[in-house]
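See structure below.
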Number of protein chains: 2
Amino acid sequence: MKQLPSINNFIPHLAYDSVIFGFNGKQLKILILEYHNTGFFALPGGFVKRNEHVDDAVKRGLKERTGLDNIYLEHFNTFGSSSRSSPEVMRTIMEANGYEVDENHWMLDRFISIAYYSLINFKDVAPKPDELSDSINWYAVDALPKLMMDHQEIAETALKTLRDNLDKKLVSMNLLPEKFTMKDLQKVYEAVLGKKLRRTSFQRKMLSRDILMRHEKLFTGGAHKAPYLYSFKSYDMAEEVFSPMAN
Amino acid sequence: MKQLPSINNFIPHLAYDSVIFGFNGKQLKILILEYHNTGFFALPGGFVKRNEHVDDAVKRGLKERTGLDNIYLEHFNTFGSSSRSSPEVMRTIMEANGYEVDENHWMLDRFISIAYYSLINFKDVAPKPDELSDSINWYAVDALPKLMMDHQEIAETALKTLRDNLDKKLVSMNLLPEKFTMKDLQKVYEAVLGKKLRRTSFQRKMLSRDILMRHEKLFTGGAHKAPYLYSFKSYDMAEEVFSPMAN
DNA sequence: ATTTATTGTCTCAATTTGTTACAATAATAC
DNA sequence: GTATTATTGTAACAAATTGAGACAATAAAT
């Protein structure tokens, strides 16, 4: 009989789930895994070790379970409803994988989930399913399979957060190569926001913000004018929150 | 010897902290408590029961510890660094209150804190300290005492979140009476944002958003034109996040 | 040289915001 | 009553931003 993780190593009742957004130049997708022999689709998640920073647990788990390494993750919400956990679902998943599950097994307990999201360029990675999962695949945000427990809500909240923050945080840095064209940048914005933007206004706006550096042109071989390449200027996040009244 | 709460009732390693913003018509303040005989200042916090929604734990704890009841709370972040907890601080607080603390007491463990914030009109409430605390008082956001552990960071993050969301969420509803004048509303915005706003532009903007209902005038007895009273139109939060591309 | 697709920028209209001005009050003083 | 005072609601115009279209400047193919 295979061994499940021991409760001694983990903080009980506490889990994380991660919403990994990927972009293929056109569409925004989310990484979803499917458990063996169950038909259950879920966000990649895991547990937190006794003496581990939650941020590190998410990075560790994501690497173990999907092969993804060294990606920028951001916490966006915590799902703490006592009704969100489903012992039956957990039992089904574990039994379908050949584990014997004790009635009082800690993984059947009620869990609070700390939720993270990330944005990556999915050309760069090849996620691999872990031993519990049949598959791990990208699904377009408007064509997700039915997700187990409250994972649909977690994914929706993540998308809303991403849309609200795209402008401010420029997390899109993770979705683009070091250097990119204005059109590439616009496509990221359009995919995340889920709507078309006006080319000229977008270009003027981005240039006026003084956050881009212009580099050499990119010659693609197309029968047309070559676009400039840009990169983000580095900027620091320093911000005085508790400052005295501004003038 | 007094009894500390038993671990059997609570989820281990999990706590919450609350940043309660209050507004007095002029300044934005935060509710801070001071533990007996220690000089430690802290945000009001507590633990989550085994079968309790985290949201409910925060409401319950806040009522028990401060007398505040029925206020709107919103989760804004989770503080999960493994270094954020300080067993020495916890021990000092408990011993200063006459409790005998076992070396391995669960309250000395590492804790992950789920953080909430709220906005209230502090004319309406009279917070009372709980048995562990000497005092519970309002402090202006730019004149906080030195807070224990990472509570300063939690408070700063809450203020930043509040500023970022004031416009969108109109949480300021909690800071105003049912009906209020345009000047009242402007003062809330100014206190939260920490800067003066232009009267005419503010008024035009608020009116153009179609979120206010105009009522009768308010006669204060002042030797001048009487302002109208307004209230927020109710609005529902329904929002399609996973909708197909907008045109 | 001509054609084609795409890019960068300009222009002018439409919209939004900043700024000032001013008429319309409530209450008080006379 | 009438004048005075403080404050409010809104108009008017300027300044800034955004929307929409036009167009010249390319790269590469014909």
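Below, all heavy atoms of this structure are taken into account, side chains as well, without hydrogens, waters or symmetry copies. Residue numbers start from 1 in every chain, and the chains themselves are labelled A, B, ... in the order their sequence lines are given, proteins ahead of strands.
- Taking the ring axis of B/Tyr228 as reference, the NZ or CZ atom of B/Arg214 stays within 45° of it and closer than 6.0 Å to the ring centre.
- For the pair A/Lys225 and C/dG8, the criterion of a side-chain N or O lying under 4.0 Å from OP1 or OP2 is not met.
- In this structure, CG of A/Asp184 is placed 14 Å from P of C/dT6, rounded to the nearest angstrom.
- Look at A/Arg198 and you'll find a side-chain N or O under 4.0 angstrom from OP1 or OP2 of D/dA20.
- Relative orientation of the B/Phe232 and B/Phe180 rings is tilted, given thresholds of 30° and 60° on the angle between their planes.
- Straight-line distance from the CZ atom of A/Arg204 to the P atom of C/dT11: 12 Å, rounded to whole Å.
- Spacing between atom NZ of A/Lys205 and atom P of D/dA20 amounts to 15 Å, rounded to whole angstrom units.
- The nearest whole Å value for the distance from the CZ atom in B/Phe202 to the C1' atom in C/dT19 is 18 Å.
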Taking it one step at a time, do B/His215 and B/Ser231 satisfy side-chain contact (heavy atoms from CB on, under 4.5 Å)?
CA-CA 8 Å; B/His215 302 281; B/Ser231 66; 2.7 Å; yes
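- Under the 3.5 Å distance criterion, with hydrogens and angles disregarded, a donor-acceptor pair is assigned to the side chains of A/Ser113 and A/Asp17.
- When rounded to the nearest whole Å, the span between CE of A/Met206 and P of C/dG8 equals 13 Å.
- Within the 4.0 Å cut-off from OP1 or OP2 of C/dT7, at least one side-chain nitrogen or oxygen of A/Lys183 is found.
- Under the 6.0 Å distance and 45° angle rule, B/Lys29 does not count as a cation-pi partner of B/Tyr139.
- For B/His224 and D/dG9, the NE2 to P distance is 11 Å, given to the nearest whole Å.
- For the residue pair B/Tyr116/B/Asp55, the side-chain donor-acceptor check at 3.5 Å is satisfied.
- Across residues 212-219 of chain A, A/Lys217, A/Phe219 each have a non-hydrogen atom less than 4.0 Å from an atom of DNA chain D (numbered order).
- Looking at heavy-atom distances under 4.0 Å, B/Leu207 makes contact with sugar-phosphate atoms alone, never a base.
- Both A/Ala223 and A/Thr200 lie close to DNA chain C; mapped to their nearest nucleotides by heavy-atom distance, the more 5′-ward contact belongs to A/Ala223.
- Rounding to whole angstrom units, CD of residue B/Gln203 and P of D/dT7 are separated by 15 Å.
- What separates NZ of A/Lys196 from C1' of D/dG19 is a distance of 18 Å, to the nearest Å.
- Judged by distance alone with a 3.5 Å cut-off, no donor-acceptor contact links the side chain of A/Arg199 to the base of D/dG19.
- Considering B/Lys63, B/Arg60, B/Lys59 as possible partners of B/Asp69, the one that fulfils the salt bridge (charged side-chain N to carboxylate O under 4.0 Å, His left out) test is B/Lys63.
- Side-chain nitrogen and oxygen atoms of A/Ser201 include at least one within less than 4.0 Å of the OP1 or OP2 phosphate oxygen of D/dG19.
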